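Predicted model only: the values in this text are computed from it and were never measured.
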Amino acid sequence: MSIFDFNRDGEVSSSEQAFGLGAILAALSETEAEVKITIKASTDGDEDYESMDRDELESLLEELQEQREDMEDEEPDDPCSDAYDEWEERCEDLDEKIEEIEELLDD
């Protein structure tokens with residue numbers, strides 16, 4: 001779960017990202033720290049994989065596989081909880097995307 005998921009719906013909207021980034025920048029303005037911030041655009045599963053070239057697909061596949069591996073460390077302890085259901089749904093979504101890209105690369 002992301003720290004920017006303020007409404008706890010399992011997704012981080014662009015508004016939540018902007019609010020979180022603003023809060024971080026405001027806090028950092030009080031310090032003399034040097035910070036590098038990377039913002040990744042979220043996708044709603046409407047990615048047009050077929051318009052991507054092979055290098056883009058392979059890069060995206062690698063990124064999604066890393067995200068999926070990271071999610072294993074985030075598995076909630078209680079399999080009967082809402083948090084577990086949300087985690088499981090996110091895992092399934094990632095698995096579907098990975099499978100779709102793998103099929104395109106196999107063609």
Side-chain angles (χ1 to χ4, degrees):
M1 182 180 305
S2 172
I3 60 170
F4 295 134
D5 186 13
F6 299 111
N7 63 359
R8 304 280 188 237
D9 65 351
E11 296 178 19
V12 179
S13 69
S14 57
S15 299
E16 289 172 316
Q17 286 178 347
F19 182 81
L21 181 57
I24 289 171
L25 293 174
L28 291 174
S29 69
E30 301 297 320
T31 67
E32 295 183 18
E34 187 173 319
V35 177
K36 176 182 176 185
I37 298 174
T38 304
I39 300 175
K40 293 177 12 180
S42 60
T43 59
D44 297 325
D46 295 334
E47 191 76 40
D48 184 14
Y49 301 128
E50 293 182 10
S51 69
M52 300 173 99
D53 66 29
R54 185 166 190 84
D55 289 339
E56 291 173 320
L57 286 170
E58 288 173 347
S59 177
L60 180 58
L61 177 62
E62 185 177 321
E63 181 180 327
L64 292 174
Q65 288 171 332
E66 288 174 7
Q67 288 177 18
R68 182 61 174 92
E69 288 174 18
D70 292 344
M71 287 190 66
E72 289 300 318
D73 297 332
E74 300 172 9
E75 181 177 358
D77 294 329
D78 182 3
C80 297
S81 68
D82 289 340
Y84 189 91
D85 292 340
E86 291 171 10
W87 172 84
E88 189 173 42
E89 186 176 322
R90 290 192 331 259
C91 287
E92 289 171 0
D93 289 343
L94 274 175
D95 290 341
E96 287 173 12
K97 289 177 182 181
I98 289 169
E99 185 176 321
E100 185 177 348
I101 293 171
E102 287 174 336
E103 287 175 6
L104 286 170
L105 289 170
D106 286 343
D107 289 341

By side chain to side chain donor-acceptor pair (under 3.5 Å) - contacts of Glu50 (at least two apart):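 With neighbours one apart ignored, the set is empty.
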**Report entry** Partner set under side chain to side chain donor-acceptor pair (under 3.5 Å) for Asp95, not counting sequence neighbours
**Finding:**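 Expected list: Arg68.
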Is the shortest heavy-atom distance from the side chain of [X] to the side chain of [Y] under 4.5 Å?
X: Gln67; Y: Arg90; result: no
X: Glu58; Y: Glu62; result: no
X: Tyr49; Y: Leu57; result: yes

*How close do Pro76 and Ser81 get, heavy atom to heavy atom, and via which atoms?*
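Answer, listing the atom of Pro76 first, then Ser81: CB-OG, 4.4 Å.
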Rounded distance (nearest 0.5 Å) linking atom [atom1] of [X] with atom [atom2] of [Y]:
X: Lys97; Y: Leu61; atom1: NZ; atom2: CG; answer: 13.0 Å
X: Met52; Y: Ile101; atom1: CE; atom2: CD1; answer: 7.0 Å
X: Glu99; Y: Asp106; atom1: CD; atom2: CG; answer: 10.5 Å
X: Leu60; Y: Ile98; atom1: CG; atom2: CD1; answer: 9.0 Å

Practice prompt. Look at the side chain of Trp87 and the backbone N and O of Met71, then say whether any donor-acceptor pair between them is shorter than 3.5 Å.
Written response: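 Yes, Trp87 side chain to Met71 backbone: donor-acceptor pair under 3.5 Å.
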Check: Is there a donor-acceptor pair closer than 3.5 Å between any side-chain N or O of Glu56 and the backbone N or O of Asp53?
Finding: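 It does hold such a pair.
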Within 6.0 Å of CG in Asp70, more than 12 heavy atoms from elsewhere: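 It does: Asp70 CG has more than 12 such atoms within range.
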